[in-house]
Amino acid sequence: MFYDLNIPLPEAAGKAGGHVSSQEWAQIAQTVEQARVLGYSVVALNLTLQGKLAPEHLSVWNTTPEFKNAQLSWDRATGARVGGATRSVGRGKIRMLRRLTAVIGDATQGHSLASVDGAYDIVAVQPTNDAMLLAACNGTWDAVDIVALDMGQRWNFVAKQKVVTQALALGVSLEIMYQPALAGEKTRQQWVSNAAAVVRATRGRSVIWTSAARRALDLRAPYDIANLGEVLQLNGDLSKRALAANARAALMHAFTRSSTLRAVIAPKHSAADEPEGLAKKARMAR
Amino acid sequence: MSSHIPLPKEKHNKSKLFVTRSHLLSKKHEHSKLIQTHPFNHQISIISQSTTVRETLAKYIGSYYNVTLKLSDFIDPAFISNYIKRNTLIALSSNRYIDADDVFAIDGQKLILSVGKDTYETLGLVGKSAQFPVERGSRFVVEIDLLDCMDPAKKYYQRVHNRLNAVLNEPMEFLVGYFDKNTGTPVTFDIPGATIVTPQVDTRSVPNMLVPNVPECLISTNEQTDTWTEHAHELFEWIGLATSCSQAVAGTSDEQTSAYTVPEPTSKDMHIVTVRGLLSATAIHSVINELVAAHTEFYVCVWGFDDAPVSWNSSEHNFYVSGENMYAQAYVPHKNCCLSFQACGPWDAFS
């Protein structure tokens, strides 16, 4: 299965009291459908927020419309998570997850991620300086699955191999988003430099490719991404791993962190936890 | 871009081409083994001066079926005795990609389940870790011998039946070919719901086609000198261009757009017949035997399914950035010689 763990919600959704309009949801639905057509089986809708996480940030999911050919990992009515991490995807369908990316400029903001408490399937952090990158990679914050770096902008820090190796040892993945590679000339130049730095630091391991596609036209098929990876000296095997096995590993890391006790015991989800079962429960409770 | 990045070595990142010269009267029958051990074929092209190739193909190659079945139906004792044991049944799951989905196939004898990690962990059947992807543990292959141990009274059968019904119990679409064991001609597959599909046949005549003379060094020796290798590459290249109906071999290309020249060309009226569908290896072998008996030079190109779980001799096959498992053969009957070219993608255990 191919995964795309970054289909971003509009930036305004990440602000306090932010919401997603119906037109924006329609564009997201179009992007998800295009991902399904291109061969992706699992996508994650990404809410990026600046600063501390607050409970009202979850309200943006209350207006989730119905997606065609999609299996949601949350109940549209209640917002509660359903299903296991790797629940099988029906033929012709695409599984949708929820991801949170916190842009961290201050260490205290990272600690607030623990309050996510399983509401999101994947949690990512985007450090803005050396100290935050070190904190994201060395396990200072428990609730981190992916370290996201802005590929289109010049960094004011260096992704050192010593720092990144700590993240890999903890099972934290590094993300390379390819949308900036499709943008203007300056952004592309910066993307090549940044992506090559990530590949150099990770040696191609535990890297995940994501699209960060705001519209359907920004998506590329998995084999096109494998070709793009050749520019970064990521051979086809490593690129396909970054789209499949590594992404699955990130998902399992998130599931193990949030839904198991020391990776040994996990709750068994019954049919009542499926979206239809939860809706039926809600109707009966009224 | 810095080139000193010490990335992991690539063991399986190159496609390979195997060239074999075999004698048509030899007991080894290497040219025949190559055909008969490649079960999943979806296209054949024959280039020949003969005008009766289409009729020869029609004699042996025929229809196949689209069927929706559950996996447990394939291990049903009645199904095995009525179909698997009587003739050759080839089946391949439709619309499933070997590197992204779970793929299921029957190669005439075994039910092959090439499944991802998640499916394998819930399936509960013993399999082995697939060689591809190179990183072990992400894909697994389970093989169930349908001609052995499929006795409903035995625990193994009950285990397989229970697990398939519990985990992989949804009906799936399959391409099914049911062929006579000896000749490869299609036999009626009377499963309810089976939709018969006729293979697509294209015929094209190319007058004054530029055909290379098969170099004497390729026919007479196996010694792999640089010259031998170069001639082999040129012949294989020509066969590929001819099956693509390229203007370069038809003699109609513009010198300014194509720098290709046919080596030592002879102008001949040639016919290219292409059949697409699910093709029996035995039928292909029967067709070639008949063409060899006609004593004219001809060239054959056969393509395997990119998403088949096995290629030659049950070697594991997968899709890297390409999934070719095809072969081409040049027959020179008057010299009792056959040159075979087997092209494997990077992720093919045959290589």
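Order of the sequence lines sets the chain letters (A, B, ...), proteins ahead of strands, with each chain counted from 1.
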[atom2] on [Y] to [atom1] on [X], rounded to 0.5 Å:
X: A/Phe2; Y: B/Tyr97; atom1: CZ; atom2: OH; result: 10.5 Å
X: B/Asp118; Y: A/Arg248; atom1: CG; atom2: CZ; result: 4.0 Å
X: B/Phe319; Y: A/Lys240; atom1: CZ; atom2: NZ; result: 6.5 Å

Listed by residue number, which members of residues 99-107 of chain B have a heavy atom under 4.5 Å from any heavy atom of chain A? B/Asp99, B/Ala100, B/Asp101
Only pairs at least two apart or in different chains count here, so list each side-chain hydrogen bond (donor to acceptor under 3.5 Å, both in side chains) that has a residue in residues 156-167 of chain A. none
Should we say atom NZ of B/Lys110 is surrounded by more than 12 heavy atoms from elsewhere, each under 6.0 Å from it? yes
Neighbour count >12 (heavy atoms, 6.0 Å) for atom CD, B/Glu121: yes
Which pair of heavy atoms, one from B/Tyr320 and one from A/Asn235, lies closest together, and at what distance? OH-CB, 4.0 Å
Chain B contact via A/Ala244 - which portion, at a heavy-atom distance below 4.5 Å: neither
